[in-house]
Amino acid sequence: MSPLLLLVAILLLIIYIYHYAVSRPPNFPPGPVRLPVFGSYLQLLAGNYRYPYKIIDKMTSKYKSKILGFYLGSIPTIVACDFESIKEILVRPEFQGRFDSVVTRTRALGDRLGVFFVDGPYWAEQRRFALRHMRDFGFGRRSETLESQIEIEIRDIIDIMQGSRKDEKVHKNGLTYLPDVFYPGFINSILVVLMGIRFSRDEDEKLRFLGNKTMLFQRSGDTTGGFLTHIPWIRFFAPKLSGHHSNQISSYHLQKFMRELIEEHKTSYSEEYMRDFCDTYIRELKLQQASADITTFSDDQLLLTAIDFFFPAATAISTTLVQAIIYMMHYPEICSNVQKELDTVVGRNKLPSLNDRPSLPYTEATLRESMRRTTLTPISVPHRATEDTYFRGYFVPKNTMMITCLWSMHMDKDFWGDPEVFRPERFLDEKGLLKKKDYTLPFGAGKRLCAGETFARQNLFLFFAAMMQNFNFEMPDGKELPDINHQIPGIIESPYEFWVRAIPRL
Ligand code: HEM
Ligand SMILES: *[C@@H]1O[C@H](CO)[C@@H](O)[C@H](O)[C@H]1NC(C)=O
């Protein structure tokens, strides 16, 4: 080949690569260049492989825009980092799709099932059905029956932490193991709704095992699906590193546990009396199968719906509770303010209840601040644009990934002024009452709003208030406080497990 021809070939290649790198849909938001296969994913990871969303946040300064655009693998992606644009993504109907990926299929019998990762009319019908009927069993509203069940859990856990109920797996030498001590409480709390049962304390070990395995999925990757989304076959070569293995193990244990409960229900099912959500689903299934029409109801869908409500109840609430306790150790003054409020309003003779909740604004504000300062789901769960459309002047092609970077918004200097500071007062007015408008969105908003928000907030409040009422928390001698800026990454971010000294308050 003549040198000239070679030169031309190299030049053409460079031009091609350059074009590819900067190519993007017309009128797309600003953002980093694109590489083959990975898009801009590697740049994010290279910037901060544990917390790539912190690089996204840095890019908002670099590109002077709170809306960014780039490719994740071959998927055009728009990331919104401020309250207004996040809110807009969450409420617009054409942004309520989800992505199909090997990650979501691995946990859903190779199919698209459940509530989290499905979309369209299928999602709408199944989400609506679940929420409507779980309500009958106390989910998502005030229910004295459910609350009294939760209170039993809390009392038992307090007994374990005080040492009056022996359980050496989670309480030894005056130290309590977090979050494991809480798993059985939250698991029973959701099982009452889904399956009409709570396991006895003898089975705590089984529930903690399940909590541990559920957490494995939460830590198996980020919500974009990571490498598995861009190069799905990587799971065969790097099953552990890609998170695929954790996903499989976690799904195996969750499915096995749920299947047994569902089978029991089918055996003992009676049309006369609906014991729980599972029964109402079985009833609907029978009805739909009797009429020959195509239906979205199926055995597999029941299984995945139960799992989709079970796994965040087991992991997200306990993680958030432990996070709040960690903050109370970092800020003893705020902790004692919470305790003073509880002592004044509730006293020590009964556990704090949901009736007390409106009279405990400081406690509520402390929980809100904890969920703001540490965003459980930093990039939430990505949405999918279901048609070509426009967003804040930019063009959005169909199947764009729409990411709401809740972390950026919760840590937005322009909005909060001092986002790094832990200050519950930012949620209170001059009279010490909760401000009407809450500008945090830990649960998202709109049609995809976390389906468990009310349930999560109630459980969180009841457990946190009970912990503050009954204990002071300290690290064991010589152990450092967990670093609030150093979490285990994942779908949700979580602190490392640790032993804590829970000192009964006199
Ligand atoms: C502190 C605890 C929790 C936090 C911070 C949280 C946060 C979130 C977020 C950010 C989303 C995604 C919203 C979006 O797509 O824009 C979500 C979805 C969801 N959450 Fe939660 N969650 C929590 C607890 C729970 C609990 C306890 C349950 C069930 C009992 C639950 C069930 C769900 C379900 C089913 C979805 C999917 C909704 C859908 O796609 O339609 N979550 N959650
Ligand atoms: C689950 O249990 C294993 C074995 O005891 C432990 O190494 C791991 O850290 C636990 N994971 C979680 C999330 O608790």
Side-chain angles (χ1 to χ4, degrees), residues 80 86-87 89-91 95-99 104 114-119 122-124 126-128 130-131 134 139-140 169-170 177-180 183 186-187 189-191 193-194 208-220 223 246 249-250 253 277 304-324 367-368 370-372 374-384 402-407 410 440-461 463-464 488 490-498:
I86 285 179
K87 210 50 198 289
I89 291 178
L90 294 177
V91 300
F95 294 142
Q96 304 310 318
R98 288 276 201 229
F99 279 90
T104 63
V115 178
F116 256 95
F117 303 111
V118 295
D119 55 20
Y122 186 96
W123 160 72
Q126 290 296 324
R127 176 177 162 127
R128 203 181 316 116
L131 287 182
M134 285 170 68
F139 187 87
K169 285 272 165 42
V170 287
Y177 198 53
L178 303 184
D180 295 49
Y183 286 144
F186 295 122
I187 288 179
S189 180
I190 189 69
L191 283 180
V193 176
L194 292 175
R208 285 196 291 260
F209 174 82
L210 207 60
N212 176 298
K213 289 293 170 270
T214 310
M215 207 60 189
L216 206 55
F217 170 65
Q218 295 281 26
R219 289 175 176 173
S220 70
T223 49
S246 294
I249 298 210
S250 182
H253 288 286
F277 171 71
L304 263 295
T305 301
I307 288 175
D308 276 0
F309 281 93
F310 179 90
F311 88 86
T315 55
I317 317 181
S318 42
T319 300
T320 308
L321 174 61
V322 169
Q323 197 63 58
L367 280 172
R368 283 189 194 176
S370 181
M371 284 193 272
R372 179 195 68 81
T374 298
T375 303
L376 185 76
T377 54
I379 55 165
S380 190
V381 185
H383 291 217
R384 178 176 65 87
M402 305 297 287
I403 294 183
T404 56
C405 191
L406 300 177
W407 184 84
H410 287 161
T440 60
L441 294 173
F443 297 93
K447 285 247 161 42
R448 283 270 179 194
L449 170 70
C450 168
E453 173 173 12
T454 303
F455 179 82
R457 285 198 196 268
Q458 286 175 348
N459 273 275
L460 204 53
F461 169 83
F463 274 79
F464 177 69
I488 303 176
I491 291 170
I492 64 169
E493 279 199 355
S494 51
Y496 290 86
E497 292 76 41
F498 64 104

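Order of appearance sets the numbers: ligands from 1, and atoms from 1 within every ligand.
In this structure, Phe186 and Phe463 have tilted ring planes: the angle between them lies in the 30° to 60° band. Note: Phe217 and Phe311 have perpendicular aromatic rings, judged against thresholds of 30 and 60 degrees for the angle between ring planes.
The distance criterion of under 3.5 Å between nitrogen or oxygen atoms is not met by Asp180 with respect to ligand 2. At least one N or O atom of His383 sits closer than 3.5 Å to an N or O atom of ligand 1. Between Arg448 and ligand 1, at least one N/O pair is under 3.5 Å apart.
Checked against the 6.0 Å centroid threshold, Phe309 and Phe139 count as a close aromatic pair.
Within ligand 1, counting atoms from 1 as listed, the ones closer than 4.0 Å to a heavy atom of Arg127 are 38 (C), 39 (C), 41 (O). Applying the 4.0 Å criterion to heavy atoms of Met215 picks out, from ligand 2, the atoms 13 (C). Close contacts between ligand 1 and Ile317 involve ligand atoms 27 (C) [criterion: under 4.0 Å to a heavy atom]. Near Ser380, the atoms of ligand 1 lying under 4.0 angstrom from a non-hydrogen atom of the residue are 10 (C), 12 (C), 13 (C), 14 (C), 16 (O). Atoms of ligand 1 lying under 4.0 Å from any heavy atom of Ala316, numbered from 1 in the order shown and given with element: 2 (C), 3 (C), 23 (C), 24 (C).
With hydrogens left out, the protein atom closest to atom 31 (C) of ligand 1 is Pro312 CG, 3.4 Å, a heavy atom. With respect to atom 1 (C) of ligand 1, the closest heavy atom belonging to the protein is Thr320 OG1, 3.3 Å. Nearest protein neighbour of atom 9 (O) of ligand 2, counting heavy atoms only, is Glu497 OE1, 3.7 Å. Residue, atom and distance of the protein heavy atom nearest to atom 4 (C) of ligand 1 are Phe443 CE2, 3.4 Å. For atom 11 (N) of ligand 2, the nearest protein heavy atom (residue, atom name, distance) is Asn212 ND2, 3.0 Å. Nearest protein heavy-atom neighbour of atom 42 (N) of ligand 1: Cys450 SG, 2.9 Å. Remark: minimum distance from atom 7 (C) of ligand 1 to any protein heavy atom is reached at Pro442 O, 3.4 Å. The protein heavy atom nearest to atom 36 (C) of ligand 1 is Phe116 CZ, 3.3 Å. Counting protein heavy atoms only, atom 29 (C) of ligand 1 is closest to Phe309 O, 3.5 Å.
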Q.
If you apply the rule side-chain contact (heavy atoms from CB on, under 4.5 Å), what do you find for Met134 with Leu194, and how did you get there?
A. CA-CA 7 Å; Met134 285 170 68; Leu194 292 175; 4.0 Å; yes
Q) Would Leu191 and Phe310 count as a side-chain contact (heavy atoms from CB on, under 4.5 Å) if you check the C-alpha gap in whole Å, the side-chain angles of each, and the deciding distance to 0.1 Å? A) CA-CA 8 Å; Leu191 283 180; Phe310 179 90; 4.1 Å; yes
Q: Could you go through the side-chain contact (heavy atoms from CB on, under 4.5 Å) check for Lys87 and Leu441 one step at a time?
A: CA-CA 9 Å; Lys87 210 50 198 289; Leu441 294 173; 4.3 Å; yes
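Counting heavy atoms under 4.0 Å from ligand 1, residue Phe117 does not touch it at all. By the criterion of a heavy-atom distance under 4.0 Å, the side chain of Arg98, and not its backbone, is placed next to ligand 1. At a heavy-atom cutoff of 4.0 Å, ligand 1 is contacted by no atom of Asn459, backbone or side chain. Residue contacts with ligand 1, taken as heavy atom pairs separated by less than 4.0 Å, involve Ile190 solely via side-chain atoms from C-beta onward.
In this structure, Trp123 has a heavy atom closer than 4.0 Å to ligand 1. By the 4.0 Å heavy-atom criterion, Arg457 is excluded from the residues contacting ligand 1. Not a single heavy atom of Glu453 sits closer than 4.0 Å to an atom of ligand 1. Within the structure, the closest approach of Phe310 to ligand 1 does not fall below 4.0 Å when heavy atoms are considered.
Within the 3.5 Å criterion, the main-chain N or O of Gln96 finds a donor-acceptor partner in the side chain of Arg448.
When distances from atom 2 (O) of ligand 2 to the protein are checked, a heavy atom turns up under 4.0 Å. Protein heavy atoms come within 4.0 Å of atom 13 (C) of ligand 2.
Between Arg219 and Glu497 there is a salt bridge, since at least one side-chain N of the basic residue sits less than 4.0 Å from a carboxylate O of the acidic one.
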